[in-house]
Amino acid sequence: MSRVWDGIITGGAVSEGSASDRHRLADAAKAYDWTKVLALLRDRPELVNTTRPGGSSLFAPLHQAAHGNAPPGILDELIRLGAWRMLPNARGERPVDVAERCGHRRAAEILRPVLLRRVPAGVLAVVQTHFHAVIRGRADDLVRKSGLRLPELGPLLEIPADETIWFAVPGMYGGFAYRLRTDGVEAVLVAESWCRVVGGSGQRHEITSRGSRLVAEGFV
């Protein structure tokens with residue numbers, strides 16, 4: 001399964017057709033129309049963790065499923081399609097937090113994150129801050145122009161160590177591939193970034209709670 005952090009939260013950063021698909025998905029999820037949600041996601045599974053362009057809540061389909069107390073089969077299918085249980089909304093709530101706030105205990109049990117990696121929350125938050133600084137150091141103008149939501153690292157704890165998440169930056173003709181190499185207090189995030197139309201643009205950073213370090217460049 002391809003892992004993608006989709007940072008699009010404004011309509012102007014994607015084509016009209018892509019923005020329309022995102023609105024249709026958000027509308028169906030808000031209406032708890034799970035048949036339509038699943039049909040849309042089976043056609044475009046890369047949108048499973050997206051939010052409404054221009055929206056303020058940053059509710060992805062799994063947040064709406066938690067809010068609407070969706071049947072267990074729907075929750076399981078969304079997760080199978082790649083929905084992240086560690087994805088926060090604008091208030092910092094994961095889907096399980098939304099379910100618990102709404103009193104949906106059965107849904108909360110299904111939505112409780114199953115973590116394959118362990119990093120203290122504070123450590124992960126600091127690593128994330130340093131990662132965002134690396135992104136802005138390479139592509140700040142493009143990030144600002146598209147109004148991108150930078151990657152949250154919580155979902156990395158849900159996926160195996162050998163899997164990478166891709167964050168595309170519109171206008172960069174590339175982006176950032178990142179993975180958590182090691183766990184614990186000494187967790188190391190490895191981030192590789194490049195522009196595919198510029199030879200030798202590749203950079204590899206190792207990022208810890210102490211900061212970031214450029215360890216390779218000139219590839220791609």
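Remember, it's a predicted structure, so these values are computed and weren't measured experimentally.
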When rounded to the nearest 0.5 Å, the distance separating CG of D43 from CG of L38 is 12.5 Å

Please name all residues satisfying side-chain contact (heavy atoms from CB on, under 4.5 Å) with P113, sequence neighbours left out, ordered by chain then number. R85, M86, R94, V96, L115

Can L142 be reached from L150 by stepping across I, L, V, M, F, W or Y side chains whose heavy atoms are under 4.5 Å apart? yes

Taking atom types as modelled and ignoring hydrogens, do the side chains of S18 and R22 form a donor-acceptor contact shorter than 3.5 angstrom? yes

Gap between atom OG of S146 and atom CE of M172 - 0.5 Å precision: 12.0 Å

Can you pull out every salt bridge (Lys or Arg N to Asp or Glu O under 4.0 Å) where at least one residue sits in residues 190-200? Sequence neighbours excluded, please. E192-R204

Any P61 side-chain heavy atom under 4.5 Å of L25 side chain: yes

Selection residues 191-220 - residue pairs positive for ring pair (Phe, Tyr, Trp, His ring centres under 6.0 Å), sequence neighbours left out: W166-W194

Measure the shortest side-chain to side-chain distance between L180 and L153 over non-hydrogen atoms and say whether it is less than 4.5 angstrom. no

Roughly how far, to the nearest 0.5 Å, is CZ of R91 from CG of L58? 12.0 Å

Does the side chain of W5 reach to within under 4.5 Å of the side chain of L87, using non-hydrogen atoms? yes

Qualifying residues under side-chain contact (heavy atoms from CB on, under 4.5 Å), relative to R144, sequence neighbours excluded: R136, D140

Working to the nearest 0.5 angstrom, can you tell me the gap between N89 CG and L62 CG? 11.0 Å

Does the salt bridge (Lys or Arg N to Asp or Glu O under 4.0 Å) test come out yes or no for D27 and R24, once each step is laid out? CA-CA 5 Å; D27 287 342; R24 288 168 58 215; over 6 Å; no

Where do S209 and V185 come nearest, in terms of heavy atoms and distance? OG-O, 4.3 Å

Give the table of side-chain donor-acceptor pairs shorter than 3.5 Å for residues 71-79, with sequence neighbours excluded, one pair per line with atom names and distance.
residue, atom, partner, partner atom, Å
E77, OE1, R80, NE, 3.0
E77, OE2, R42, NH2, 3.4
E77, OE2, R80, NE, 3.4
E77, OE2, R80, NH2, 2.8

Which residue pairs satisfy the side chain to side chain donor-acceptor pair (under 3.5 Å) criterion with at least one member in residues 182-191, sequence neighbours excluded? R117-D183, E186-R210

Before accepting this row, confirm whether a basic side-chain N of the pair R179/D162 lies closer than 4.0 Å to the acidic partner's carboxylate O. no

Where A107 and N69 come nearest, the two heavy atoms and their spacing: CB-OD1, 3.8 Å

Step-by-step side chain to side chain contact (heavy atoms under 4.5 Å, CB included) determination, R112 to E100: CA-CA 10 Å; R112 205 167 305 284; E100 289 178 342; 3.1 Å; yes

If we only count heavy atoms from C-beta on, is the L157 to L124 side-chain gap below 4.5 Å? yes

Step by step, would you call I165 with I159 a side chain to side chain contact (heavy atoms under 4.5 Å, CB included)? CA-CA 9 Å; I165 297 178; I159 66 176; 3.8 Å; yes

Rounded to the nearest 0.5 angstrom, the NZ-CD distance for K30 and Q64 is 7.5 Å

Any chance you could measure S201, atom OG, to R138, atom CZ, to the nearest 0.5 Å? 6.0 Å

Mind checking what makes side-chain contact (heavy atoms from CB on, under 4.5 Å) contact with E217, not counting sequence neighbours? Q203, L214

If you group Ile, Leu, Val, Met, Phe, Trp and Tyr whenever their side-chain heavy atoms sit less than 4.5 Å apart, what else falls in with V197? Y173, V198

Tracing side-chain links under 4.5 Å among I, L, V, M, F, W and Y, which residues wind up in one group with V215? none

Under 4.5 Å between any side-chain heavy atoms of L148 and I8, yes or no? yes

Decide yes or no for L41 and L47: does some side-chain heavy atom of the first lie under 4.5 Å from some side-chain heavy atom of the second? yes

Can you pull out every ring pair (Phe, Tyr, Trp, His ring centres under 6.0 Å) where at least one residue sits in residues 133-161? Sequence neighbours excluded, please. none

What residue pairs, at least two apart or across chains, pass ring pair (Phe, Tyr, Trp, His ring centres under 6.0 Å) with a residue in residues 9-59? Y32-W34, F59-H63

What pairs meet the ring pair (Phe, Tyr, Trp, His ring centres under 6.0 Å) rule with one or both residues in residues 104-163, with sequence neighbours excluded? F131-Y178

In terms of heavy-atom contacts, V169 and A139 come closest through CG1-CB, 4.3 Å

Is the side chain of N49 donor-acceptor paired with the backbone N or O of D6 at a distance under 3.5 Å, no angle test? no

Heavy-atom side-chain contact between L156 and L189 under 4.5 Å: yes

